[in-house]
Amino acid sequence: MVCRFSTKLLNICISSFCKVQQLEKAEAIIIDGIRLGVLPDVVTYNTLIAAYCRFVGVDAAYSVLHRMREAGINPNVVTYNSLMAGATKHCLLSRSLDLFEEMLQKGIPPDVWSYNSLMHCFFKSGQPDEANRVFEDIILSNIYPCPVTFNTMINGLCKNGYTVNALMLFRNLRRHGFTPPIVTYNILINGLCKSGRLGAARRILKELGESGHMPNAITYTTVMKCCFRSRQFEQGLEIFSEMKEKGYTFDAFAYCTVIGAFVKMGRIKEANECMQRMVSNGIELDMVSYNTLINLYCKEGNLEAAFNLLDEIEKGGLECDKYTHTILIDGLCKAGNIEGAEHHLKYMSMMGFDSNVVAFNCLIDGLCKAGQVDYAMKVFKSIELKDSFTYSSLVHNLCKARRFHSASKLLRSCLRGGMKILRSSQRAVLAGLRSSGFPREARKLQSKIRLAKILHY
DNA sequence: TTAGGGTTAG
């Protein structure tokens, strides 16, 4: 006979294994349980589905759903919520919307988590108006919003460029008695930092202190990153020291932020020390951590170590991403191995990665630095996607090669396209034209630049 | 079950 207590115990075990990502052990326990007459229930399958969504992928979670149905257990609102959250996390946005529709068709009433996922999905697919409509529906319906609803809304608004609206929502919620948890503060501080509203971010940070909350490691990492991003390295390092003094635990996010900053400052020795501390502290390395390490190896000129690590990662079953390959392409270019970089670009494409503007920018810059400006121009013409880095780099390098007319022509086409270009590159063209005896062309170009500023900036 | 911080190029 199956007793409920046994299934409850089974579920506790499954949950424990799922939390530490030991899904095979969780599956094995289910088989053992069935053998002993303890049958899995909807909670067992939901726990597994959530874990597969989180650690593996939505397809793996669907195979559990299939087994669940075969066992005669119907999915409930939690099942759908997990699948929706998983689909949104893995950017399968239409799948997430389909799941919501399927839920309605099957007569399963969505709860606040379903709506939260739906909003998240709309924001992630760049449809803030649709997300806002869902939010209004929640407010006007009898579904009670939870803090996650507000956080999803504030985060989505920030990520879609509506930081001012996010700040207004935060203020309105506070006025109506909502006491924001630390997560809300972190979301808002991050959004404000990333949109360059550092003053507003500082004010929210001050409010956080006054609210009686303590900033957590995420708050510190966010503000530290913000300093590094705006090249206020010393200020960022002060936060790093404060974190250490106050005894905050460093996770992969905090270490990667600091290592990345040391690498950017050219302080490779300190970056290395940090990396060793991260490894010796037993931090489990994910793909971003590995990318940070590969970047460190490349910047210290140790391409061999970088490629060895790439092999190790691939053999270990972790999938390298576009960042890994772009870092390696840049490393090869910086080491003067243009042939290797081109070869790796082909490898990247063979692996199914889309055309990557950053990787091509590295190659164009590398070619210029190797004196192959004509070839760089050929690559430039062959690529569809170009950004301000592409133009700035090529204009700068054409000036260095004293090809001011070509640089001027390129700068004009960039301005016509409404693309921003580094001021130093603009100045280099103007100065070059003047010094090489073409002041009239320099004046004409200057007025084009002014016009573009009025039109686009 | 859901929301927040980290990796690439001038």
Side-chain angles (χ1 to χ4, degrees), chain A residues 43 46-47 49-51 53-54 76-86 88-89 111-120 123 146-156 158-159 181-191 193-194 216-226 228-229 250-261 263-264 278 286-296 298-299 321-331 333-334 356-366 368-369 387-397 421-422 424-425:
Chain A
V43 177
N46 284 348
T47 311
I49 285 173
C53 279
R54 191 169 165 206
N76 63 10
V77 62
V78 178
T79 324
Y80 278 98
N81 288 348
S82 298
L83 289 167
M84 273 183 78
T88 305
K89 184 185 161 87
D111 63 9
V112 66
W113 283 328
S114 327
Y115 284 105
N116 291 346
S117 272
L118 196 60
M119 279 167 45
H120 190 200
F123 273 129
C146 67
V148 177
T149 316
F150 302 135
N151 292 344
T152 306
M153 201 59 205
I154 292 172
N155 185 41
C158 288
K159 295 257 161 77
I182 180 77
V183 182
T184 318
Y185 283 99
N186 289 346
I187 289 170
L188 194 57
I189 290 169
N190 184 45
C193 282
K194 281 198 175 144
N216 62 13
I218 296 180
T219 327
Y220 273 99
T221 311
T222 304
V223 179
M224 186 164 69
K225 175 69 199 170
C226 175
F228 292 143
R229 197 184 291 121
F250 278 69
D251 60 7
F253 284 76
Y255 275 118
C256 288
T257 306
V258 178
I259 294 170
V263 169
K264 277 225 160 66
M278 174 163 84
D286 61 5
M287 209 48 244
V288 179
S289 315
Y290 279 123
N291 288 342
T292 307
L293 300 197
I294 290 176
N295 189 36
L296 170 57
C298 286
K299 292 296 188 297
D321 57 17
K322 64 171 183 178
Y323 286 92
T324 327
H325 297 296
T326 308
I327 290 165
L328 287 165
I329 287 166
D330 185 51
C333 286
K334 293 266 192 316
N356 180 349
V357 67
V358 182
F360 275 106
N361 287 347
C362 296
L363 180 65
I364 287 172
D365 193 58
C368 289
K369 290 210 165 68
D387 64 5
S388 70
F389 271 79
T390 329
Y391 281 98
S392 296
S393 168
L394 204 47
V395 167
H396 169 83
N397 280 300
I421 192 165
L422 266 190
S424 58
S425 295

- Message: The criterion is salt bridge (Lys or Arg N to Asp or Glu O under 4.0 Å); which residues satisfy it with A/D330, sequence neighbours excluded?
- Response: A/K299, A/K334
- When we call it a touch if two heavy atoms are under 4.0 Å apart, what does A/D365 touch: a base, just sugar-phosphate, or nothing? sugar-phosphate
- Residue A/K299, side-chain atoms from C-beta onward, closest of B/dA9, B/dT7, B/dG5: B/dA9
- Message: Determine whether a donor-acceptor pair (one donor, one acceptor, N or O, separation below 3.5 Å) exists between the side chain of A/S425 and the base of B/dG10.
- Response: no
- So which nucleotide from B/dG10, B/dT8, B/dA9 ends up closest to the side chain of A/S392? B/dG10
- A/N295 side chain, from C-beta outward: closest of B/dG6, B/dT7, B/dG10: B/dT7
- Message: At less than 4.0 Å, is any side-chain N or O atom of A/R229 found next to OP1 or OP2 of B/dG6? Yes or no.
- Response: yes
- Distance test, side-chain N/O of A/N190 to OP1/OP2 of B/dG5, below 4.0 Å: yes
- Query: Just how far, in rounded Å, is C1' of B/dG10 from CZ of A/F360?
  - Reply: 17 Å
- Per atom distances to the A/V183 side chain, the nearest of B/dG5, B/dT7, B/dA3 is B/dA3
- So what does A/N46 hit on the nucleic acid, given a heavy-atom distance under 4.0 Å: a base, only sugar-phosphate, or nothing? nothing
- Candidate nucleotides B/dT8, B/dA9, B/dT2, ranked by approach to the side chain of A/K334 - the nearest: B/dA9
- Message: Going by salt bridge (Lys or Arg N to Asp or Glu O under 4.0 Å), name the residues that satisfy it together with A/K369, two or more places apart in sequence or in a different chain.
- Response: A/D365
- Task: Select one nucleotide: of B/dT2, B/dT8, B/dG5, the one nearest the side-chain heavy atoms of A/K264.
- Result: B/dT8
- Going from SG on A/C53 to CG on A/L83, what distance comes out if it is rounded to the nearest 0.5 angstrom? 5.0 Å
- Query: What is the distance from CD1 of A/I189 to P of B/dA3, rounded to the nearest Å?
  - Reply: 20 Å
- Which part of the nucleic acid, if any, lies within reach of A/T221 when heavy atoms closer than 4.0 Å are counted: base, sugar-phosphate only, or nothing? base
- May I ask you to check whether A/N295 and A/T292 show a side-chain donor-acceptor distance below 3.5 Å? no
- Query: What does A/D251 touch in the nucleic acid at a heavy-atom separation under 4.0 angstrom: a base, only the sugar-phosphate, or nothing?
  - Reply: base
- Does a donor on one side chain and an acceptor on the other come within less than 3.5 Å for A/N155 and A/T152? no
- Message: Side chain of A/D321 only, heavy atoms from C-beta on: which candidate in B/dG6, B/dT7, B/dT2 is closest?
- Response: B/dT7
- Mind checking A/N356 for me? I need base, sugar-phosphate or nothing, with any heavy atom below 4.0 Å counting as a touch. nothing
- Task: Could you work out which one of B/dA3, B/dG6, B/dT7 sits closest to the side chain of A/T292?
- Result: B/dT7
- CD1 of A/I294 to CG of A/L328: how many Å apart, nearest 0.5 Å? 5.5 Å
- Query: When we call it a touch if two heavy atoms are under 4.0 Å apart, what does A/A252 touch: a base, just sugar-phosphate, or nothing?
  - Reply: base
- Of B/dG5, B/dG6, B/dT2, the nucleotide closest to the side chain of A/V148 is B/dT2
- Task: Between B/dG5, B/dT7, B/dG10, spot the one nearest the side chain of A/V288, thanks.
- Result: B/dT7
- Message: Applying a 4.0 Å non-hydrogen cut-off, can you work out what A/D330 is touching in the nucleic acid: base, sugar-phosphate, or nothing?
- Response: sugar-phosphate
- Is any side-chain nitrogen or oxygen of A/K322 closer than 4.0 Å to OP1 or OP2 of B/dA9? no
- Task: Using a 4.0 Å heavy-atom cut-off across all strands, classify A/I327 as base, sugar-phosphate, or nothing.
- Result: sugar-phosphate
- Message: Please classify the nucleic acid contact of A/T79 as base, sugar-phosphate, or nothing, using heavy-atom distances under 4.0 Å.
- Response: nothing
- Do any side-chain nitrogens or oxygens of A/K159 fall under 4.0 Å of OP1 or OP2 in B/dG5? yes
- Determine the contact category for A/S388: base if any of its heavy atoms lies under 4.0 Å from a base atom, sugar-phosphate if only primed atoms, P, OP1 or OP2 are that close, otherwise nothing. base
- Does the side chain of A/D387 pick up a donor-acceptor pair with the side chain of A/N361 at under 3.5 Å? yes
